[in-house]
Chemist: 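Provided herewith is a single structure, encoded as structure tokens, for subsequent inquiry.
Within every chain, numbering begins at 1; the chains are lettered A, B, ... in the order of the sequence lines, protein sequences first and strands thereafter.
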2 protein chains.
Amino acid sequence: MSTRHTRASGPDLACVARLLADGTRAGFCLALLDGRAWTATELARHMGVAASTATEHLNALVSGSLLVEERQGRHRYVRLADPHVAELIENLAAMAPARPTPPRSLSAAGRRRALAHARTCYDHLAGAVGVAISDALTARGLLDWDGGLRLTAQGEAWLQDLDIAPTTGTRRPAVRSCLDWTERRPHLAGAVGAALCRHAFTAGWITRIGTTRAVTVTAVGRQALHDHLGLPDEVLQQQL
Amino acid sequence: MSTRHTRASGPDLACVARLLADGTRAGFCLALLDGRAWTATELARHMGVAASTATEHLNALVSGSLLVEERQGRHRYVRLADPHVAELIENLAAMAPARPTPPRSLSAAGRRRALAHARTCYDHLAGAVGVAISDALTARGLLDWDGGLRLTAQGEAWLQDLDIAPTTGTRRPAVRSCLDWTERRPHLAGAVGAALCRHAFTAGWITRIGTTRAVTVTAVGRQALHDHLGLPDEVLQQQL
DNA sequence: GCGGCGCTTCGGCGCCCGCCGAAGCGTCCG
DNA sequence: CGGACGCTTCGGCGGGCGCCGAAGCGCCGC
């Protein structure tokens, strides 16, 4: 095979990048950014390719250990291997140009608007609502962006008040900045971002729209976010 | 052309990933991780391809805004567009499998050993020495890894004592973890990592070996790193 | 046990893209 | 001013890879 250009050795960047260099595989990964496990056929339908094609792509992604799989009966479930992979994909997405052609159909446009409003980004919140929450946290002195993102002492106290305990013990950063591809602005990710999102689900602040990544802020959520962060209803309700 | 699979829209991940999905282009980026500007022919020779091929690759990388170029007379200098790109490449490299075939020739092996010992990684220090410094900083309570990397109050004081002032005002994280592809262990990057590396150069602690990314720790440097961090000579001198 | 369904394997097709060498252009230097 | 040098453009070649449909396999439910 190609023993050609191995002049300069080092990590084999290309073989990882190649996995994401195909539109269909990239679409799979973007879909899996919702943090859930999808079946092979779901992904195939999602991207409009044959089942056999999807199988080949999934084989590649799994053997490249970007995805992990779990077999259940006649189903093959896959999900992102770990938060590092999600982070990598987010970074790549942030660097990518916004796609020139906005969706054509009316339903696609509505779906996109819902996503732009509020959605999960792997395990934290993104979209207009995600950014608004990050901004509010910053304005109230709970987050500090100067010289790198940092959770302030008040921020830690605020989390404790709400009984939100980020998973610790791992090397995962407590707070991390994630660039939003709709808002083009950074918002809160990392262990704290994930814990906050988890809390929002369990406390009924937000609910998923169907089985998509899009979420809506419930009445309870609007009240809570107003009380705890002073967020007005306008930014929490999707404009129709 | 291919209006085929645009079923699910979003950021065009694939077009960025494709830039890094080629061995030669990836090699260029890895070389440029030294943070310096290279000419087109230097890169071509480095990867063993024709000048015309290098031109085409550089056009792609520049128009994809991973690289920026600067024309000087008959030379075309390119470098990584910004620290975000460097970070992306580092993340990708950390995820990539170590290349199965270690370099064959004797000189290549020596070069690799020098790199494994101490080198620059874009703008901070990596290799055994880089990891040792990070470990020493941690052991002395200047860095805290629990629940995400953080510079402690003692850490800030330590920097001030040494007159090291990280560039601030930018959104760049002060401290960031970077996974080393030789040591397979995280070490210090980010604005503080860069400032520390800059200081090491200007204070004469380290010098470049020729024009490569590899560096050696000088006698002055060994003394300073022993005084300030308690690092023993053994880890600072390359074993021959 | 039989049909349906999800997934996989395999051939084959076609396009994309990375490579080169030859020729040409602009810059620098003697 | 002429030659060397760095870079670019272009045509052409070859291999890799993403796609499909047909056939096959295994699990499930009736």
Chemist: All N/O contacts under 3.5 Å from nucleotides 21-24 of chain C to the protein, with atom names and distances to one decimal?
Modeler:
unit_1, atom_1, unit_2, atom_2, d
dG21(C), O6, Ser52(B), OG, 3.0

Chemist: Calculate the interatomic distance between His75(A) atom NE2 and dG4(C) atom P; express it in whole Å.
Modeler: 17 Å

Chemist: Using modelled atom types only, decide if a donor and an acceptor are shared between the side chain of His187(A) and the backbone of Cys178(A) within a distance under 3.5 Å.
Modeler: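 Yes: the side chain of His187(A) pairs with the backbone of Cys178(A).
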
Chemist: Starting from the C-alpha separation in whole Å, work towards a yes-or-no answer on side chain to side chain donor-acceptor pair (under 3.5 Å) for Arg185(A) and Ser134(A).
Modeler: CA-CA 10 Å; Arg185(A) 293 188 42 210; Ser134(A) 297; over 6 Å; no

Chemist: Show the nearest heavy-atom pair for residues His57(A) and Asp22(A), with the distance to one decimal.
Modeler: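 For His57(A) and Asp22(A), the tightest heavy-atom pair comes out as CE1-OD2, 3.6 Å.
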
Chemist: When you match Leu58(A) and Arg74(B) each to their closest nucleotide on DNA chain C, which lands nearer the 5' end?
Modeler: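 So the residue in question is Leu58(A).
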
Chemist: I need the CG-P distance between Leu20(B) and dG18(C), as an integer number of Å.
Modeler: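 Going from Leu20(B) (CG) to dG18(C) (P), I get 12 Å.
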
Chemist: How do His57(A) and Gln72(A) order along DNA chain D: which one's closest nucleotide is nearer the 5' end?
Modeler: His57(A)

Chemist: With a 3.5 Å cut-off and no angle check, do the side chains of Arg208(B) and Thr216(B) form a donor-acceptor pair?
Modeler: no

Chemist: Specify the separation, in whole Å, of atom CZ of Arg76(A) and atom C1' of dC27(D).
Modeler: 16 Å

Chemist: Judged by atom type as modelled, is there a donor-acceptor pair below 3.5 Å linking the side chain of Thr120(B) to the main-chain atoms of Leu125(B)?
Modeler: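 Flag not set: sc Thr120(B) to bb Leu125(B) has no pair under 3.5 Å.
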
Chemist: Reckon Arg71(B) has a side-chain N or O less than 4.0 Å from the OP1 or OP2 of dT8(D)?
Modeler: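 So the side-chain polar atoms of Arg71(B) do come within 4.0 Å of the phosphate oxygens OP1 or OP2 of dT8(D), strictly under.
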
Chemist: Round to a whole Å and report the spacing from CG of Asn59(B) to C1' of dC17(C).
Modeler: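 Computing the Asn59(B):CG to dC17(C):C1' distance gives 15 Å.
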
Chemist: Rounded to whole Å, how long is the line connecting atom CG of Leu43(A) with atom P of dG18(D)?
Modeler: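 After rounding, the reported distance stands at 16 Å.
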
Chemist: Check the distance between dG6(C)'s C1' and Glu42(A)'s CD and give it to me in whole angstrom.
Modeler: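 These atoms are roughly 12 Å apart.
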
Chemist: If I take atom NE2 in residue His46(A) and atom C1' in nucleotide dG6(C), what distance separates them, rounded to the nearest angstrom?
Modeler: 19 Å

Chemist: Between Asp12(B) and Ala96(A), what is the shortest heavy-atom contact and its length?
Modeler: O-CB, 3.4 Å

Chemist: How do Gly73(A) and Ala51(B) order along DNA chain D: which one's closest nucleotide is nearer the 5' end?
Modeler: Ala51(B)

Chemist: Is the phosphate of dC19(C) approached by Thr24(B) (side-chain N or O, under 4.0 Å from OP1 or OP2)?
Modeler: yes

Chemist: Starting at atom CG of Asp22(A), determine the distance to atom P of dG16(D), rounded to an integer number of angstrom.
Modeler: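 Whole-Å distance recorded here is 17 Å.
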
Chemist: Apply side-chain contact (heavy atoms from CB on, under 4.5 Å) to the pair Arg213(B) and Leu115(B), showing each step before the final yes or no.
Modeler: CA-CA 7 Å; Arg213(B) 292 171 59 184; Leu115(B) 280 175; 4.0 Å; yes

